[in-house]
Amino acid sequence: MCGRYALAKDPADLAEEFDARDATDGSVEGPRLETPEYNVAPTMTIPGVVDRHPRDDEGTPDPSSVERSLRAMRWGLVPSWAKDESVGNRLINARAESLTEKPAFRRAAASRRCLLPADGWYEWLRDGGHKIPYFMTYSQESGLAGHPLALAGLWETWRPRSAEKGTAPLVSTTVVTVASAGPLTEIHHRMPLVLPRERWAEWLDPDHEDPTGLLVPSEDVLAAIEMRQVSSKVNNVRNHGAELIEEAHEQPEQQGLDLEAANPS
């Protein structure tokens with residue numbers, strides 16, 4: 001699963017990293033991103049990278065070109081057919097094994113895939129009556145430290161049925177997860193699908209309708225990720241500072257885990 005992660009880079013830096021136009025810079029209407037944020041939780045507004053065919057003034061897409069942009073999205077996918085947006089609270093993750101089959105995800109899997117930048121993600125190891133938090137990120141030895149992880153995601157737009165014409169839609173997203181591999185299996189049986197740079201363009205391609213071949217974790221990425229035990233302060237979504245990702249060799253008294261914000265999938 002992926003129920004919490006960290007992101008320190010601001011939108012301008014992320015746009016440069018992903019070679020995208022920053023559509024969160026205040027020139028467009030919509031929620032603003034708050035960075036740095038070391039305790040990103042479901043329902044928060046997060047950045048997502050998308051590729052789309054540009055549209056003319058009448059809304060007609062130009063199939064001959066593609067634009068990449070960084071957009072603000074709410075974490076928790078709300079399908080276009082949903083009666084209300086609360087369904088997104090249950091759709092923070094999408095299992096890769098059923099991505100193209102489940103009604104909530106299959107349309108987005110065919111044409112609305114995104115990348116969700118992250119410095120790393122958190123997971124909890126059960127130890128008796130405690131849950132010990134770990135942070136997964138690129139190691140210094142990998143040569144990728146400092147670069148964001150690109151979590152595979154899906155995105156959708158939704159409007160309430162009572163919305164007036166011209167009302168801006170809610171843009172929402174979900175993190176694609178796969179079975180854990182290697183040492184990560186010691187922490188949890190699921191992990192986000194992290195895509196290497198060479199797969200970004202194909203994953204984002206709105207005309208590539210079958211993503212099945214891209215759902216296998218990259219061995220190079222797996223080898224580049226380290227996991228470290230961190231403070232139980234991350235258990236509380238009200239804590240947001242950089243100290244949350246620092247290595248903790250000894251655990252202090254455990255703070256209660258906010259299960260609402262770390263709902264497994």
Side-chain angles (χ1 to χ4, degrees), residues 1-20 33-41 44 46-49 68 70 73 75 92-93 96 113-125 132-153 173-204 214-231 233-234 239-249 262:
M1 65 162 287
C2 179
R4 301 274 186 85
Y5 67 88
L7 180 62
K9 289 182 178 290
D10 64 31
D13 290 337
L14 291 174
E16 182 176 357
E17 182 85 30
F18 286 86
D19 194 23
L33 301 173
E34 298 295 336
T35 55
E37 174 55 76
Y38 292 92
N39 206 355
V40 179
M44 286 185 175
I46 60 177
V49 180
R68 179 169 297 178
L70 184 77
M73 305 177 175
W75 188 5
I92 67 169
N93 290 165
R113 297 180 297 275
C114 63
L115 296 174
L116 304 172
D119 291 347
W121 79 95
Y122 300 99
E123 195 50 79
W124 283 262
L125 172 67
I132 302 174
Y134 282 77
F135 186 64
M136 274 60 70
T137 188
Y138 282 137
S139 67
Q140 290 292 335
E141 296 76 15
S142 70
L144 294 172
H147 293 279
L149 284 73
L151 310 185
T173 186
T174 186
V175 177
V176 176
T177 67
V178 294
S180 292
L184 298 177
T185 59
E186 300 174 12
I187 307 299
H188 197 273
H189 66 285
R190 303 292 295 179
M191 59 175 280
L193 175 61
V194 183
L195 295 176
R197 185 177 291 271
E198 60 267 23
R199 293 190 195 174
W200 291 0
E202 192 172 4
W203 177 259
L204 294 174
L214 301 173
L215 297 174
V216 180
S218 163
E219 292 186 6
D220 290 341
V221 167
L222 290 172
I225 291 176
E226 68 172 15
M227 56 185 182
R228 60 175 178 262
Q229 188 176 336
V230 293
S231 170
K233 290 180 180 179
V234 72
N239 295 328
H240 303 281
E243 71 276 7
L244 300 183
I245 67 171
E246 295 176 358
E247 186 169 7
H249 297 285

Would you name the heavy atoms of [X] and [Y] that are closest together and state the gap between them?
X: P117; Y: P148; result: CB-CB, 4.3 Å
X: V176; Y: A96; result: CG1-CB, 4.0 Å
X: S139; Y: S142; result: O-OG, 2.7 Å
X: C114; Y: L204; result: CA-CD2, 3.6 Å
X: P47; Y: L70; result: CB-CD1, 3.9 Å
X: N39; Y: N239; result: ND2-O, 2.9 Å

Would you say that [X] contacts [Y] through its side chain, given a criterion of any heavy-atom pair below 4.5 Å between the two side chains?
X: V40; Y: I46; answer: yes
X: W121; Y: V175; answer: no
X: T137; Y: I245; answer: no
X: I225; Y: Y138; answer: yes
X: M227; Y: E123; answer: no

Residues L151, L193; criterion side-chain contact (heavy atoms from CB on, under 4.5 Å); working and verdict: CA-CA 6 Å; L151 310 185; L193 175 61; over 6 Å; no
With rounding to the nearest 0.5 angstrom, report the CZ to SG distance, R190 to C2. 12.0 Å
Supply the atom-to-atom distance R4 CZ to E37 CD, rounded to the nearest 0.5 angstrom. 10.0 Å
Evaluate the side-chain contact (heavy atoms from CB on, under 4.5 Å) criterion for residues V49 and W200: first the C-alpha distance (whole Å), next the side-chain angles of each, then the deciding distance (0.1 Å), finally the verdict. CA-CA 10 Å; V49 180; W200 291 0; over 6 Å; no
Take atom CD of Q140 as the centre, draw a 6.0 Å sphere, and report whether it contains more than 12 heavy atoms from other residues, nucleotides or ligands. no
How about E16: does its CD atom have over 12 heavy atoms from other parts shown lying under 6.0 Å from it? no
N/O donor-acceptor pairs under 3.5 Å from side chains in residues 214-222, not counting sequence neighbours:
{"residue": "S218", "atom": "OG", "partner": "D220", "partner atom": "N", "Å": "3.3"}
{"residue": "S218", "atom": "OG", "partner": "V221", "partner atom": "N", "Å": "3.3"}

Which residues share a salt bridge (charged side-chain N to carboxylate O under 4.0 Å, His left out) with [X], sequence neighbours left out:
X: R68; value: D51
X: E17; value: R197
X: E246; value: none

Could I get the full list of side chain to side chain contact (heavy atoms under 4.5 Å, CB included) partners for [X], not counting sequence neighbours?
X: T185; result: S180
X: A8; result: P36, Y38, D119
X: E247; result: R228, H249

I would like to know whether L149 and Y5 meet side-chain contact (heavy atoms from CB on, under 4.5 Å); could you show each step before the answer? CA-CA 11 Å; L149 284 73; Y5 67 88; over 6 Å; no
Who are the ring-ring contact (aromatic ring centres under 6.0 Å, His included) partners of [X], not counting sequence neighbours?
X: W203; answer: none
X: F135; answer: Y122
X: Y134; answer: none

For the pair W75 and M44, evaluate side-chain contact (heavy atoms from CB on, under 4.5 Å) and give the outcome as yes or no after the intermediate values. CA-CA 6 Å; W75 188 5; M44 286 185 175; 5.5 Å; no
Under 3.5 Å, is there a donor-acceptor pair between the side chain of T177 and the main chain of M191? no
